[in-house]
Every structure is written in C-alpha cells, then in structure tokens.
Amino acid sequence: MKLNITIFLISIGLFFAAPKEYSWNFCILNTILFFIATSISIIKIKKNTAALLFNILFLFSYFLTAFAYPTFIHPFNINYFTFFFDYSYINKGTALALVGICAYLLGLVRYYGKEECILQGIEGKGPNLYSNQHTGIYQFITVALLAVLILLLKRDSNAGLLSIFKSATIVTVGLIIFKNPISRISQTKLTFSYIIFFSILAIFALMFLTIGDRGPFIFIATILLTLFVIRLKPTQMIALALPVVAVGFFLMFIIQQTRNENTITTSSDIIAKSNEIRTKNDDYWRYGFDLINSSRDIYLGLEYIDMYDYQYGSSYKSIALSVIPYLPSLIGATDVISGSSMITKFHRDRYAPQSDGGMGTQMAIDIYMNLGIGGVIVIMYLFGMYLGYCSLKWFNNIYALTGILFLISTAIYITRSNIFLDLRTLAWALLAIYINSAINAKPKYRFRSLT
C-alpha cells in the first residue's frame, strides 16, 4: 500500500512537471510506473477471480488508450494518426493517465487485507433470494423479444432500449450465478429457458453487428465470459480468459475493417483481410487502433482546456438525469454537449476542417475536462473503491454481484468513454433486483470470517 501511495504522489508531481516538448524518456518513466503500480495491485487481488477478470480487461484496455502510443508508437511512427495534433501535450497527457490509474488502484486495494465475511459454500445451502429460479430469465425474455422486434423494424439501436436490454441481461446472468453457489455454471443443467436465454443473446449479438454497432456485441461476449469463469480458480480463469480476450480483440479489429464493405466476413475472408492488413501496415499496433486512438483525445482535451475552460460537470448532467426515463427532455437538458463532441468540434476547427469523422474521448481526460485534476483523483479513487467492494461482496450480496457484472461488462470500452456513460444501465439493474427481492422471501445467510 505504501508503494502504491508513493507512485501516486510521484504521478502527481510528473503531471505538474511534464516537459512541454515531447520526451520519450518521460513517457517511458510513466509507463514503467504504470506497470509497477498495476503489478503490485494485481498481486494484492490475485485470489479474487472477479477483481482479477475485470482488471485483466480494464488495465489492458487502459494501457492501449494512454500508454501504448506515446511510448511505443510515436517515437517510431509519427504519422500513425492521419490528422495532426499538438505533440507538446503528449507528456502531460501520459502523466494525467498515470494519475488516474494510480488513484483507481489505491481505491481498489483499500478493502483488501481487512476482515471480510463470505457465504459458506455448502452444496444445497446457497442463498434463496428468489422463490422462482427462472423469474429473471422470463423477465429478460419478454424485454429481449420486444427489443429484437423494435430493432428489426428500425434497424437502429435506441439508447434507452439498449439500456433496458443490458440491465435485463445483467439481472438474468446475476440470478444464474447467484442461484448456483457451489457448482460450476458450466455444469448447470440447460433447461429450455436457459436455451432461450442464450439464443436471444446470440440473436442480439448478430443483430447489433449487422447495424455496425460493436458495443453491444462486446457487452454480450464479456458478460458470457464472466458467467462461465467467475467461479473458477484464478489460475483457471486466467488460462481461459486471456486467449478469449486476445481472439476477441483480433476479431473486433477485423470486423471494424470489413463492416463497411459489401462482403460476407466468412472465416476465409477474415484470414485474407488479416494478411492484407499485416502486409500493408507491418504494424501490429493497428489491431488496437480503436483504443489507441483515444490517446489523441487526451492531448486534444488538454489543449482544449488550455484555450477555453473546464466544463464543471455540465456534460454529466444529462447522464445523471437519464436514470429517470424522459426526465432530461422534460426539463430541457438534452442539449448538453459531451466531452467527445467538444473534442470532435475542437479538432475539426483547429486541425482537420476536411474531416467528417468523429473523435472519441478517454476516461481520464473526460473527467479532467469537467472537474480538473482533483476530479480525476477523487472519481477514479471512488471507482476503484466500488470495484473493490463489489469484488469482495459479490458471493453473498446480489447487489454487489450486479455491480461487478456491470463493471466487467464495461471493462473494455469504459476506458475510451465517459465513466458515467452506462450509469442508467446499472441503476435500472439494481432497481430490478430490489423490486424482485422486495416481493420474495428474505434469504438467510451463514457467514464465516476470512481471518
């Protein structure tokens, strides 16, 4: 813990002392500190499968969004990005990302080492939160079939509808895990309702891919991965999760390259496209471009703040209000400009007026543009605390399990978006759990201390 605090304090110093001119040595130092801080924390949580799975996805994604470009790409390929940006912000942007991740790691390990209570895993004595094991599955089927029908008619993904779909999926998967306290999920008998459930997930995955939206596909793949590995031992989970994640990143890149073409992406098409890309670019960093691209958003965001001012949380207003359906439109809060929209407009006006593509954001710079460096520290620390709490309590707390499922399902793409972007999904899932638990018998727990 002391070493984590030391690295955190060093990261703050590096942020304020960042050289104006790009320095490879400075970026290497920040990257080394990133690896040291993350390694210490991973060792601390290595016995917790849920926390370990989230961090495998999250930290790898965070590395690509903030540290890969300044340390391993820019010095050797200055033309990696098509349009120009001010290179003098690379050092400060890298240090900002380090401050954010160090604050997150401090919050994460806060609970570890303390006395905790977990449910005794006795076969047949697991929590009986619901009188009907398949209640959540039947609810999900109703919502999902309606969503499929609407998507078939509109050929578009509605944000509110997508939140309902995600919430229903999280609740259902959480119920499956919670109702099987000792048995491996893979050994659970596949009843008709389970078959329906997984079939609908497959339909949704294909549906969203056909309309060019990969986010829901990643969500489905990640939450299914969680369903099958969360109760494995950490070493077994890593052995299964790492190859799946690697293949997933590869396939999503190929899909990105081919989704605008009028060809069917069969296995032979994918292999041919992969060879074409590798031969053309001779650059394996291209496979992570969707995430690496967020590095540029950090630098543009810093320049934007230097030229204008902080947003003081204004871009979070509509996200917070959207938890209550239609409330933003009722009070006229739908015209709030997001961080990614501000970066896009700024980039076009200053560097690329001929560009018609949109820019994204990165979680650290998105917070910084709203609340400054203090906001980055506080919010990332609280984010780590919430993950730490959920990862320690999920075994006997359905609300913590819902939280950890939500966090794992967003682990890959939350690094390149607003940290509160899917707040509505989590809120609705927790509300659904609360309503169901309120109308059913309260479970009886048996606890034992870890110490």
Side-chain angles (χ1 to χ4, degrees), residues 1-19 23 25-63 65-68 70-71 91-118 234-235 237-238 298 362-365 367-368 371-394 400 403-404 407-408 411 414-415 419 449-451:
M1 188 69 172
K2 291 182 179 179
L3 186 54
N4 284 93
I5 295 174
T6 301
I7 296 175
F8 169 67
L9 295 176
I10 292 174
S11 70
I12 295 176
L14 290 173
F15 174 77
F16 288 106
S23 170
N25 291 333
F26 182 85
C27 292
I28 290 175
L29 174 60
N30 279 270
T31 303
I32 291 173
L33 290 175
F34 166 79
F35 283 120
I36 294 174
T38 54
S39 298
I40 294 170
S41 301
I42 290 294
I43 292 172
K44 192 82 172 176
I45 65 171
K46 64 182 179 180
K47 294 183 179 180
N48 190 304
T49 306
L52 200 57
L53 177 58
F54 174 84
N55 280 282
I56 287 174
L57 302 174
F58 175 74
L59 293 176
F60 178 64
S61 178
Y62 196 94
F63 165 76
T65 61
F67 297 97
T71 308
N91 295 330
K92 189 174 183 180
T94 308
L96 173 66
L98 181 63
V99 172
I101 202 64
C102 286
Y104 157 78
L105 293 171
L106 281 177
L108 171 64
V109 301
R110 179 180 183 274
Y111 290 101
Y112 286 82
K114 293 186 176 183
E115 182 176 353
E116 295 293 337
C117 290
I118 62 172
T235 52
M237 184 275 292
I238 293 174
I298 299 177
Q362 199 266 357
M363 63 190 308
I365 191 60
I367 301 171
Y368 182 81
L371 302 170
I373 188 65
V376 173
I377 294 171
V378 172
I379 292 178
M380 291 297 286
Y381 179 80
L382 293 175
F383 178 64
M385 279 185 61
Y386 184 64
L387 173 70
Y389 172 82
C390 291
S391 64
L392 283 171
K393 301 287 187 178
W394 71 268
I404 198 66
L407 290 172
I408 294 174
I414 196 174
T415 58
I419 194 171
S449 175
L450 285 177
T451 57

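Below, each value reflects all heavy atoms present in this structure, side chains not excepted, and no hydrogens, waters or symmetry copies. Not measured: the values here are computed from a predicted model.
In this structure, OH in Tyr389 is found 10.0 Å from CG in Leu392, a value given to the nearest 0.5 Å. For the atom pair Ile373 CD1 and Ile12 CD1, the distance stands at 7.0 Å (nearest 0.5 Å). Considering CG of Leu108 and OH of Tyr386, their distance stands at 14.0 Å, rounded to 0.5 Å. One finds the CG atom of Leu3 at 3.5 Å from the CD1 atom of Ile40 (value rounded to the nearest 0.5 Å). Interatomic distance, CD1 of Ile36 versus CG of Asn4, reported as 11.0 Å (0.5 Å rounding). Within the model, atoms OG1 of Thr71 and CG of Asn30 stand 7.5 Å from one another, a figure rounded to the nearest 0.5 Å.
Taking the six-membered ring for Trp and thresholds of 30 and 60 degrees, Phe35 and Phe63 have ring planes inclined between 30 and 60 degrees apart.
Residues Met363 and Thr65 fail the side-chain proximity criterion, which asks for heavy atoms closer than 4.5 Å. In this structure, the side chains of Leu382 and Met385 come closer than 4.5 Å at one or more pairs of heavy atoms. Contact of the Asn25 side chain with the Leu29 side chain is not registered, since no non-hydrogen atoms from C-beta on lie closer than 4.5 Å. Looking at heavy atoms from C-beta onward, Leu52 lies in side-chain contact with Ile42 at the 4.5 angstrom threshold. Side-chain contact check for Phe8 versus Ile377: some heavy-atom pair is nearer than 4.5 Å.
Counting all heavy atoms, side chain and backbone alike, Gly93 lies closest to Ile298 at CA-CG2, 3.5 Å. The shortest heavy-atom contact between Ile45 and Asn55 is CD1-ND2, 3.4 Å. When every heavy atom of Ala50 is checked against every heavy atom of Ile408, the shortest pair comes out as O-CD1, 3.9 Å. Nearest heavy atom pair, residue Gln362 against residue Ala66, reads NE2-CB, 4.0 Å. Among all heavy-atom pairs drawn from Phe54 and Leu407, the shortest one is CE1-O, 3.2 Å.
Judged by distance alone, the side chain of Ser391 and the main-chain N or O of Leu387 form a donor-acceptor pair under 3.5 Å. At distances below 3.5 Å, at least one donor-acceptor pair connects side-chain atoms of Ser41 with backbone N or O atoms of Ala37. Between the Tyr62 side chain and the Ala97 main chain, a donor and an acceptor come within less than 3.5 Å of each other.
In this structure, Phe58 has its ring center closer than 6.0 angstrom to the ring center of Tyr104.
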- Message: Cys27 vs Asn91, test: side-chain contact (heavy atoms from CB on, under 4.5 Å). Steps then yes/no.
- Response: CA-CA 6 Å; Cys27 292; Asn91 295 330; 3.6 Å; yes

- Going through the checks in order, is the side-chain contact (heavy atoms from CB on, under 4.5 Å) test met by Leu98 and Phe15? CA-CA 9 Å; Leu98 181 63; Phe15 174 77; over 6 Å; no

- Evaluate the side-chain contact (heavy atoms from CB on, under 4.5 Å) criterion for residues Leu59 and Ile56: first the C-alpha distance (whole Å), next the side-chain angles of each, then the deciding distance (0.1 Å), finally the verdict. CA-CA 6 Å; Leu59 293 176; Ile56 287 174; over 6 Å; no

- Ser11 and Leu33: side-chain contact (heavy atoms from CB on, under 4.5 Å), yes or no, with the steps? CA-CA 8 Å; Ser11 70; Leu33 290 175; 5.9 Å; no

